[in-house]
Amino acid sequence: MIDKIKSKIENTLKAYAMTVNLRFPFHEISPLLDKTIRNFILRPGKRVRSTLFILGYFSYRHKEPAGLYRSAASLELLHNFLLIHDDIIDKAVLRKGQPTIHTSLDDFLKDYPKIKFSGSDLSIIVGDIIYSLAMNLFLSIIVKAAYKEKALDKFSEIVAYTGAGQFIEILYGIKGIRGMKLSDILKIYDLKSAQYTFSYPLVLGATLAGAEAQETNRLFEYGIQAGRAFQIKDDILDMFGKEKNTGKPGWTDIKEAKKTILLFYAYQKSSAKDKLYIEKLLKKTAPSQSDCLKIREIVERRGALKSAREQIELSLRKAKEISLTMDMSPQYRKVLNQYTEKLLSK
């Protein structure tokens, strides 16, 4: 079932990329803008958010309305918008194994040394345009106006809360790890990752299917638990995974001085000597490969990796418990839990 859903999402995105100029003639305005938008929309991805959107819908209504998959695909465009801005903030050079948008545009501009703007400046504009496209595509679904109005209200919350998560994560960069609490880290995970990756996609689909508020509230909480586990898994991959599998350079969290749950547990379990090393590392502007290997060794030796994996298991168990309280189709409850487990097993 999941493969079928993802295939339809891919086909919908391809069709949209081929026809977007019928609604917005970017090819006439700027061929570079047109090419940049098309290429980024069609980059390969897991399509997690759109898939969860579809599962959320069919969990409460089995008849497929016109425009369902176009509406689901809007979450991929919303994801693209957030990624573009995130890559600029993180100064990332790779995304999904390919150059980030601002890097590609910097390369285009290298023959114009006297200009007063950069690829990052242009990328911000590209991201804003893609957000507008996402909003337009979301409205494609044909359902009751009341359902669509409620869903649109939820859709507008995604960027607000994700942005808030990004904002406090940057501010926490000022705060030393000594003053960080687990609740601080989980707040960032919930706002920046869990809500927009799991909670909102599920809630949007269910809302458009006519699910009641009590039900969507439970779905939201399910998404928080599943999303926390998903983010912790991503943290582990960043430190222990291989670039060819993740599609982005390793050690990005350390190089950006992010206080992940791995570093939090490592710091809490460390000796005074290791704590001092972690504090110094987070202050470095350009940690070396040996620095990264050393911190990974501390994370393993102090049991932080084990604690992070236990947190994943705890969150996954809570998500399953929440799913049993929901009045959704048993078939789709099973598919949802299996899909969540599969995402966390990779």
Side-chain angles (χ1 to χ4, degrees), residues 82 85-92 160-199 224-241 246 248-318 344:
L82 291 166
H85 285 211
D86 199 45
D87 286 341
I88 294 169
I89 294 168
D90 294 341
K91 300 175 179 60
Y161 285 118
T162 306
Q166 181 81 64
F167 190 86
I168 63 171
E169 182 179 48
I170 292 172
L171 285 183
Y172 280 152
I174 302 171
K175 193 175 185 179
I177 194 168
R178 183 187 298 271
M180 291 291 289
K181 297 179 291 187
L182 180 59
S183 59
D184 295 330
I185 295 170
L186 292 179
K187 183 191 293 186
I188 294 171
Y189 286 4
D190 291 352
L191 289 170
K192 192 182 172 188
S193 183
Q195 291 187 14
Y196 112 91
T197 302
F198 278 83
S199 294
I224 290 294
Q225 295 302 327
R228 283 182 181 178
F230 187 75
Q231 182 57 52
I232 296 169
K233 181 70 175 180
D234 190 65
D235 293 344
I236 293 173
L237 286 174
D238 183 76
M239 185 174 287
F240 294 91
T246 62
K248 57 183 179 180
W251 315 109
T252 56
D253 291 338
I254 291 176
K255 292 174 182 177
E256 293 161 15
K258 290 183 178 178
K259 281 80 170 181
T260 66
I261 203 165
L262 286 169
L263 282 185
F264 172 80
Y265 283 140
Y267 188 83
Q268 295 299 316
K269 296 168 180 283
S270 283
S271 63
K273 181 181 177 181
D274 282 346
K275 284 183 176 180
L276 183 61
Y277 184 86
I278 293 171
E279 289 174 354
K280 287 183 176 180
L281 175 72
L282 290 172
K283 293 177 182 177
K284 285 191 175 184
T285 55
S288 66
Q289 180 75 0
S290 61
D291 286 328
C292 294
L293 290 172
K294 174 65 175 178
I295 204 70
R296 185 167 70 181
E297 184 270 330
I298 292 174
V299 164
E300 284 195 277
R301 175 161 49 84
R302 294 297 177 181
L305 178 60
K306 181 175 181 291
S307 295
R309 286 173 172 162
E310 289 173 350
Q311 184 67 48
I312 289 175
E313 292 175 3
L314 174 63
S315 292
L316 184 58
R317 185 165 62 252
K318 287 182 177 179
L344 295 174

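In what follows, every heavy atom counts, from backbone to side chain, and hydrogens, waters and symmetry copies are set aside.
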Query raised in the report: Is the number of heavy atoms from other residues, nucleotides or ligands under 6.0 Å of Arg309 CZ greater than 12?
Result: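 No, CZ of Arg309 has 12 or fewer neighbouring heavy atoms, counting only those of other groups under 6.0 Å.
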Query raised in the report: Counting only heavy atoms not in Lys187, do more than 12 sit closer than 6.0 Å to its NZ atom?
Result: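 12 or below, so no.
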Any donor and acceptor pair, going by atom type alone, linking the side chain of [X] with main-chain N or O of [Y] inside 3.5 Å?
X	Y	value
Asp238	Asp253	yes
Tyr189	Ile261	yes
Ser270	Lys275	no
Lys294	Tyr277	no

Where [X] and [Y] come nearest, the two heavy atoms and their spacing:
X	Y	result
Ile236	Ala308	CD1-CB, 4.3 Å
Ser307	Tyr265	CB-CD1, 3.6 Å
Leu282	Lys258	CD2-O, 4.4 Å
Ala266	Ala304	N-CB, 3.4 Å
Ile295	Ile254	CG2-CD1, 2.9 Å
Ile312	Lys233	CD1-N, 3.8 Å

Report task. Applying side-chain contact (heavy atoms from CB on, under 4.5 Å), run through Ile224 and Gln195 and close with a yes or a no. Result -> CA-CA 6 Å; Ile224 290 294; Gln195 291 187 14; 3.6 Å; yes
Exercise answer: donor-acceptor pairs, residues 160-172 side-chain atoms, under 3.5 Å, sequence neighbours excluded:
residue	atom	partner	partner atom	Å
Thr162	OG1	Ile158	O	2.7
Glu169	OE1	Lys192	NZ	2.5
Tyr172	OH	Asp184	OD1	3.3

Report task. Kindly determine whether Arg228 and Phe198 satisfy side-chain contact (heavy atoms from CB on, under 4.5 Å), including the steps that lead there. Result -> CA-CA 9 Å; Arg228 283 182 181 178; Phe198 278 83; over 6 Å; no
Requested in this report: Return the set of residues passing side chain to side chain contact (heavy atoms under 4.5 Å, CB included) with Ser288 (not counting sequence neighbours), or none when no residue passes.
Outcome: Ser290, Asp291
Query raised in the report: Can a salt bridge be assigned to the pair Lys306 and Glu310 using a cut-off of 4.0 Å between side-chain N and carboxylate O?
Result: yes
If you round to the nearest 0.5 Å, how far is [atom2] of [Y] from [atom1] of [X]?
X	Y	atom1	atom2	value
Glu313	Gln311	CD	CD	10.5 Å
Met239	Thr252	CE	OG1	10.0 Å
Asp235	Lys259	CG	NZ	14.0 Å

Report task. Apply side chain to side chain donor-acceptor pair (under 3.5 Å) to Ser271 and list each qualifying residue two or more places apart in sequence or on a separate chain. Result ->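 Listed in chain order: Arg302.
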Requested in this report: Might you work through the side-chain contact (heavy atoms from CB on, under 4.5 Å) test for Arg296 and Phe240, ending with a clear yes or no?
Outcome: CA-CA 8 Å; Arg296 185 167 70 181; Phe240 294 91; 3.2 Å; yes
Requested in this report: May I ask you to test the Tyr267-Ile298 pair for a side-chain heavy-atom distance under 4.5 Å?
Outcome: no
Requested in this report: Kindly indicate, with the supporting measurements, whether the criterion side-chain contact (heavy atoms from CB on, under 4.5 Å) is fulfilled by Ile185 and Thr260.
Outcome: CA-CA 7 Å; Ile185 295 170; Thr260 66; 6.0 Å; no
